[in-house]
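Only one structure is covered here, and it is reproduced in the block below.
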Amino acid sequence: METKTARFTVLLDPRKKKAFEQLCASQDLTPSQVVRQLIRNYLEQHDVDFLNQDVPEKNPPNR
């Protein structure tokens with residue numbers, strides 16, 4: 001399970017957003033839970049090992 005989080009902003013049609021939120025609610029899931037699962041599945045489908053990759057620092061030190 002991931003321990004740190006980062007914000008991911010997605011723009012979509014308001015009707016799709018509403019339908020997505022309603023479907024998630026009907027399954028007792030948050031939209032964030034479903035999107036995280038979709039991303040995990042997509043990465044796994046493409047054999048991307050996201051668990052062992054280094055995450056770049058947000059603000060790297062000045063050199």
Side-chain angles (χ1 to χ4, degrees):
M1 172 78 51
E2 296 92 6
T3 56
K4 295 183 181 182
T5 60
R7 186 170 306 274
F8 186 80
T9 303
V10 177
L11 301 176
L12 68 152
D13 179 275
R15 292 169 293 192
K16 288 179 189 158
K17 179 180 182 282
K18 183 176 180 179
F20 180 66
E21 290 171 334
Q22 290 174 340
L23 177 59
C24 290
S26 75
Q27 297 174 338
D28 197 27
L29 296 167
T30 67
S32 289
Q33 289 172 312
V34 174
V35 169
R36 284 191 298 267
Q37 184 62 51
L38 289 168
I39 292 171
R40 277 192 300 270
N41 290 345
Y42 187 74
L43 291 170
E44 290 170 0
Q45 179 182 17
H46 293 278
D47 298 319
V48 175
D49 182 9
F50 59 92
L51 294 175
N52 294 314
Q53 288 189 359
D54 290 332
V55 177
E57 293 181 37
K58 244 184 177 178
N59 298 313
N62 292 333
R63 292 185 184 180

Name each donor-acceptor pair under 3.5 Å that joins a side chain in residues 23-33 to protein atoms two or more places apart or in another chain, with its distance.
unit_1: Ser26; atom_1: OG; unit_2: Leu23; atom_2: O; d: 2.7
unit_1: Thr30; atom_1: OG1; unit_2: Gln33; atom_2: N; d: 3.0
unit_1: Thr30; atom_1: OG1; unit_2: Gln33; atom_2: OE1; d: 3.3
unit_1: Gln33; atom_1: OE1; unit_2: Thr30; atom_2: N; d: 2.7

So how far is it from [X] [atom1] to [Y] [atom2], rounded to the nearest 0.5 Å?
X     : Y     : atom1 : atom2 : answer
Asp13 : Lys18 : CG    : NZ    : 12.0 Å
Asn41 : Arg36 : CG    : CZ    : 13.0 Å
Arg40 : Phe50 : CZ    : CZ    : 6.5 Å

> Mind checking whether Phe8 and Val34 sit in one hydrophobic cluster, side chains of I, L, V, M, F, W, Y counted as touching below 4.5 Å?
Replying inline: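 No, it is not one cluster - the side chains of Phe8 and Val34 are not joined through contacts under 4.5 Å.
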> Are Leu38 and Val48 connected in a single hydrophobic cluster, I mean Ile/Leu/Val/Met/Phe/Trp/Tyr linked by side-chain heavy atoms less than 4.5 Å apart?
Replying inline: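 Linked within one cluster.
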> Can you name the side-chain contact (heavy atoms from CB on, under 4.5 Å) partners of Leu12, sequence neighbours left out?
Replying inline: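 With neighbours one apart ignored, the set is Val10, Lys16, Lys17.
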